[in-house]
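Written out below as structure tokens is the structure these notes cover.
Below, all heavy atoms of this structure are taken into account, side chains as well, without hydrogens, waters or symmetry copies.
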Amino acid sequence: MERERNETYERIPWEMLERKGNDRQWVLFAVAGMIVIGALAYSFMSNRPVEPAPIGQATASSVISSAPPQQPVAPAVIPPADPVVVSEADLYAVDSERMLDQAAAHAEWFVAEYFTVDGSEETARTLAGLLPIGLSVGEQPEGIRVFVEWVRATEVEELSAFRYRIKVLVRYLKADSDGIYLRQAPIYATVEIVADETGPHVMLPPIIEPVSPSTAMASPLGEVPQQVATTAAAGSGATEVMGGLMRSDGLWQVVVMAPGPDGVIRPQTVLVP
């Protein structure tokens, strides 16, 4: 058997030391690289915003999809209710008592200003503002003064919507040139009032007419026991007992002629147990 020889090489033959199959290894590297590049490309494309399809052109999803498109459900629309038309007359009718009170109060104020004569410019301006436009406040004779004692609306008649006829009872005192005031007989002043959104207004000057005194009723007085009459006279300082009647609660109403706080003797009623 021959002795092994030692061979000496000027360079190391690396290609002889490499394992076979290097070509397969490079193919794997190439495939892996292509996978990485494909993954990066997919990630980039998936992050891009999707542009809407132009109007009139179907999108890809609508072309591919075989199911019919769903119709959008329209929301239920409730038709508006017809507006409720309320006339101005109906609005006032809601509180007709208040309107009547305002008209009556305005008529009383007007009548008081109408009969007042005090010579002041303020009174004349107030009356001119209450009268219809264009009417004069009248003429005041020299020395005449009128002081209205009281006014009271006694009748209110509703002629139509916002229009009223109001009868006002008025009592006033009059002074002539001598300056002495004398009470005058009460009279009626009937005024027509119309109301609008600005308030009540006088339509025409008042109708003036005298007051017819009512017919006196028969006296219901009867005789009273002597003890009751004596008690009534002593308690009131009466000079005469006119009679009386008994109430349902047992008290006597005794009419006597007796002086009042002003010293004037007048008939008055005294209650006696």
Would the distance check show the side chain of [X] and the main-chain N or O of [Y] forming a donor-acceptor pair, the cut-off being under 3.5 Å?
X: T154; Y: K167; answer: yes
X: Q184; Y: L182; answer: yes
X: D196; Y: G199; answer: yes

Applying the 4.5 Å side-chain criterion to the ILVMFWY set and letting contacts propagate, would [X] and [Y] be lumped into a single cluster?
X: M242; Y: I265; value: yes
X: V224; Y: V255; value: no
X: I187; Y: Y114; value: yes
X: F110; Y: I208; value: yes
X: M246; Y: V241; value: yes

*Take R183 and E149 through the salt bridge (Lys or Arg N to Asp or Glu O under 4.0 Å) test and state the conclusion after the steps.*
CA-CA 9 Å; R183 174 180 278 179; E149 189 176 20; 2.4 Å; yes
Would you give the length of the straight line joining atom [atom1] of [X] to atom [atom2] of [Y], rounded to the nearest 0.5 angstrom?
X: E113; Y: E108; atom1: CD; atom2: CD; value: 13.0 Å
X: L159; Y: Y164; atom1: CG; atom2: OH; value: 10.0 Å
X: S236; Y: L271; atom1: OG; atom2: CG; value: 11.5 Å
X: T126; Y: E121; atom1: OG1; atom2: CD; value: 11.5 Å
X: I193; Y: H201; atom1: CD1; atom2: NE2; value: 9.5 Å
X: E157; Y: T190; atom1: CD; atom2: OG1; value: 10.0 Å

*Heavy atoms only: give me the nearest P210-Y188 pair and the separation to one decimal.*
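Minimum heavy-atom contact is O-CD1, 4.2 Å.
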_Partners passing side chain to side chain contact (heavy atoms under 4.5 Å, CB included) against W150 (at least two apart in sequence or in another chain)_ =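 If we apply the side chain to side chain contact (heavy atoms under 4.5 Å, CB included) test to W150, skipping adjacent residues, the hits are L169, R171.
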More than 12 heavy atoms of other residues, nucleotides or ligands under 6.0 Å from [atom1] of [X]: is that the case?
X: R125; atom1: CZ; result: yes
X: E223; atom1: CD; result: no
X: M257; atom1: CE; result: yes

*I would like to know whether M203 and R163 meet side-chain contact (heavy atoms from CB on, under 4.5 Å); could you show each step before the answer?*
CA-CA 9 Å; M203 289 187 61; R163 184 176 176 181; 3.6 Å; yes
*Chi angles and distances behind the side-chain contact (heavy atoms from CB on, under 4.5 Å) call for E192, V202*: CA-CA 6 Å; E192 288 194 14; V202 175; over 6 Å; no
*Side-chain H-bond candidate by donor/acceptor type, T123 with S120, under 3.5 Å*: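 Per modelled atom types, T123 and S120 side chains form a pair under 3.5 Å.
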*For side-chain contact (heavy atoms from CB on, under 4.5 Å), just list the numbers for V170 and V148, CA-CA rounded to whole Å, side-chain angles, deciding distance to a tenth of an Å, and then say yes or no.*
CA-CA 8 Å; V170 55; V148 176; 4.0 Å; yes
Donor-acceptor pairs under 3.5 angstrom involving side-chain atoms of residues 128-146: please list them, not counting sequence neighbours.
{"residue": "S136", "atom": "OG", "partner": "G138", "partner atom": "N", "Å": "3.1"}

*Side-chain contact test, heavy atoms from C-beta onward, threshold under 4.5 Å: evaluate it for Q253 versus R247 and give yes or no.*
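They are in contact (side-chain heavy atoms under 4.5 Å apart), so the answer is yes.
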*Can you label the angle between the H106 ring and the W109 ring as parallel, tilted or perpendicular, going by 30° and 60°?*
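Perpendicular.
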*Y172 vs F115 aromatic rings, parallel, tilted or perpendicular, using cut-offs 30° and 60°?*
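The arrangement is parallel - the two ring planes meet at less than 30°.
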*So D176 and K174, side-chain contact (heavy atoms from CB on, under 4.5 Å) or not? Walk me through it.*
CA-CA 7 Å; D176 293 326; K174 176 184 174 183; 3.4 Å; yes
